[in-house]
Each structure stands twice: as structure tokens, then as C-alpha cells.
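Down below is the structure, laid out as C-alpha cells.
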Amino acid sequence: MTKTALITGATSGLGYEFVKLFANDGYNLVLVARNGKKLEEIKQTYTNIDVTVISKDLGVLGAPKEVFEEVEKRGINVDILVNNAGFGLMGKFDDLDIQKQVNMIQLNITALTELTFYFLQKMKLNNSGRVLNVASTAAFQPGPLMAVYYATKAFVLSFSEALVEELAGSAITVTTLCPGPTKTNFGSVANVEGTKMFSSAMASDLVAKKGYEALMSGKRVIITGGFNKAGALGAKFMPRSTAAKIAKYIAGEK
Ligand SMILES: NC(=O)c1ccc[n+]([C@@H]2O[C@H](COP(=O)([O-])OP(=O)(O)OC[C@H]3O[C@@H](n4cnc5c(N)ncnc54)[C@H](OP(=O)(O)O)[C@@H]3O)[C@@H](O)[C@H]2O)c1
């Protein structure tokens, strides 16, 4: 039977690259994002697989449950959940709009957690399933000038690795993708383009492919790029105050 993958944030960047990878392997798709027109355009490009689109703002309280209920109503079994939608914001915590930062927590943390909860129940019934949670190299240290964003990604990594242990011995895998700076719309949304951090951003197709391969092999955590791997490793072994100072430096000047 053809398997189905649900991808959040499917309209651009890494999410859209995941769409292409799954479609290429013959998966049916459930695509979630806010831009309904773009979702329809993507749907139209595929005739050989079933593509269901759900236009939803996952930054709104209750939206993840509505997505789950919509999928249930349509009788779709989700074999693979890709929690990819997310955004960041650059600036000092108290200079940034608090509502936008709360929405970020809602999208990057709450929606990811709720979607995992609902779909995991179904995966447990089938004793089969895979989850890919998109974190970031931001997960490995505090991030001055992107304080809330870094903290949301630390949550994603910690939460996902805890689930790996809870699910040990079952046929359900949870993989966390930790990209470093990657060429997508993220840079302009977060206002980080032109920073030292983004001077050597990776290509989105390459990053998504690494994440996809790790997901399919049930790998626990994948950090993309040698430089990013070294940075994450370095952050583990240095005092957090030093790691935070380095993060501030590379996030700093444009
Ligand atoms: N690019 C990087 O440098 C980088 C590095 C590390 C981690 N990441 C992570 O990678 C993931 C994907 O980001 P990206 O780089 O591919 O950025 P992107 O090109 O901006 O894509 C973000 C996607 O999320 C969707 N989205 C945004 N807000 C949403 C909301 N409230 N409800 C539902 N969907 C929403 C967007 O679609 P709509 O606008 O249609 O809703 C879009 O499809 C994020 O979790 C990000 O934190 C990115």
C-alpha cells in the first residue's frame, strides 16, 4: 500500500524540498502551510500521487488539532510526520514584538509537540511510523540576538531525543534534523541575511536530502555540514557562556 507523509511548511525552503523527495519516492502527501494558493499550485504539479493540502496557520492555538481532525475525516493514515514549519527573528529580545515571539513559540514548539502527540497515537496503533522534527544547530547553545528562536530549537532537540528513548524497542523512529544556515526564505523572514552567520549558507536541496536519508534510516540526530557539526560539537565542550558569546558574535554585524 502506498505510504503517506505529512509535511508542515511545505510551500517553500526545506519543506518544499521534502515534498519533492517524498514525491520522487512515490509517497502520497498531506501538505500544510498558510499559503493556500501555493499549496494548490504544488498539488497541481503531481498527477501520479495523492496530494491533500490543508491551509492552516499553525501559529494559532488549536490549529494542530484541526489538522489532525481534517486528516482523520479524510481517512488518511499518516506513516511519516515531518514537523518542518518554523521561523526565527533577529534582534534583542525586548526590542522584538512580543506577540511575534509568542507566535514563534506556538509554531516552533507547541504545534510540533501537538502534531507529534496526535499522530504518534495512530503510529502506535500500527506499531509503525517515522517522525522528522526540524530543529537547528541553534539547539546546541544559547543564542543572544535570537534568544527565543534558539530556545525553541533546544526544545525540539531535547523533546525529540527523549521520545527516541520512550519509543526504544518499538518500530517508530524519531529523527531530529539540525541544519545550520541554509538558503531558504528563513533568512529574509528572520532578517539574518548578510550576517556572518549566513555568509556560508548551505543549499536547501542538499540539507533536505541529508535529513530525508537520516529519517529513512531511523537516525537519531543529523547535523548537516562539516562546519556545523564541528560547531555543535565545540558548543558541547565549552562553557555555555563562551558558546553564547560566539553565537552573539556570528549573529551580530551585517
Ligand atoms: N534556513 C535556515 O537557515 C534554517 C536553519 C536551521 C533550521 N531551519 C528550520 O527549518 C525549518 C524550515 O524553514 P526554512 O528554512 O525552509 O524556511 P522558509 O523557506 O521560510 O519556510 C518556512 C515554511 O513554514 C511555513 N510556515 C511559516 N509560518 C507558518 C505558520 N504559522 N503556519 C504554518 N506554516 C507556516 C511557510 O509557509 P507559509 O508561509 O505558506 O505558511 C514555509 O512553507 C524551520 O523550522 C526553520 O527553523 C532553517
Side-chain angles (χ1 to χ4, degrees), residues 6-21 30-43 53-64 66-67 82-90 99-115 132-140 143 146 148-157 160 176-208 210-212 221-225 227-228 231-232 247 250-251:
L6 184 150
I7 304 165
T8 69
T11 50
S12 81
L14 292 174
Y16 183 54
E17 295 300 331
F18 287 128
V19 170
K20 291 189 269 182
L21 288 162
V30 180
L31 308 180
V32 185
R34 290 166 302 180
N35 190 331
K37 191 165 167 270
K38 223 165 180 181
L39 285 171
E40 281 299 335
E41 279 168 18
I42 295 170
K43 180 183 160 96
V53 299
I54 303 176
S55 169
K56 192 70 76 182
D57 184 346
L58 290 170
V60 170
L61 202 70
E66 287 169 15
V67 168
V82 180
N83 279 308
N84 162 75
F87 75 97
L89 286 175
M90 161 78 78
Q99 194 51 54
K100 281 189 187 158
Q101 296 188 86
V102 170
N103 288 349
M104 191 199 303
I105 295 169
Q106 182 72 32
L107 178 65
N108 297 9
I109 294 182
T110 310
L112 175 144
T113 306
E114 274 195 76
L115 287 173
L132 179 66
N133 285 336
V134 180
S136 164
T137 48
F140 298 100
M146 291 186 89
V148 173
Y149 178 71
Y150 273 57
T152 65
K153 294 304 182 178
F155 174 94
V156 174
L157 179 61
S160 308
T176 311
L177 170 62
C178 297
T182 306
K183 288 174 198 150
T184 67
N185 286 343
F186 178 90
S188 61
V189 172
N191 191 27
V192 291
E193 276 172 345
T195 58
K196 289 187 195 77
M197 189 180 8
F198 260 70
S199 59
S200 54
M202 287 177 71
S204 58
D205 55 349
L206 183 64
V207 172
K210 292 281 179 202
Y212 186 79
V221 178
I222 167 91
I223 302 167
T224 49
F227 186 74
N228 296 325
I250 61 167

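All ligand and atom numbering here is 1-based and tracks the order in the structure.
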* Applying a heavy-atom distance cut-off of 4.0 Å, which protein residues contact ligand 1? ->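 Near ligand 1, by chain and number: Gly9, Ala10, Thr11, Ser12, Gly13, Leu14, Ala33, Arg34, Asn35, Lys56, Asp57, Leu58, Gly59, Asn84, Ala85, Gly86, Leu107, Val134, Ala135, Ser136, Tyr149, Lys153, Pro179, Gly180, Pro181, Thr182, Thr184, Asn185, Phe186, Phe198.
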* Asked: side-chain contact (heavy atoms from CB on, under 4.5 Å) with Ala190: which residues, sequence neighbours excluded?
  ->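 Counting only residues at least two positions away or on another chain, Ala190 forms a side-chain contact (heavy atoms from CB on, under 4.5 Å) with Met146, Phe186, Val192.
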* Under the side-chain contact (heavy atoms from CB on, under 4.5 Å) rule, collect the residues that match up with Glu41, sequence neighbours excluded. =>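 Checked Glu41 against side-chain contact (heavy atoms from CB on, under 4.5 Å); matches are Lys37, Lys38.
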* Qualifying residue, where the test is side chain to side chain contact (heavy atoms under 4.5 Å, CB included) with Ser160 and the options are Val221, Asn133, Leu177, Leu132 ->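 Only one option passes, and that is Asn133.
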* **Polar side chain donor-acceptor pair, Thr137 to Asn228, under 3.5 angstrom** =>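 Short answer, no.
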* **Test item: Thr182 side-chain N/O and Gly180 main-chain N/O as donor-acceptor pair under 3.5 Å** =>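 Yes, Thr182 side chain to Gly180 backbone: donor-acceptor pair under 3.5 Å.
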* Asked: Partners of Phe155 by ring-ring contact (aromatic ring centres under 6.0 Å, His included), sequence neighbours excluded?
  ->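 ring-ring contact (aromatic ring centres under 6.0 Å, His included) list for Phe155, sorted by chain: Phe159.
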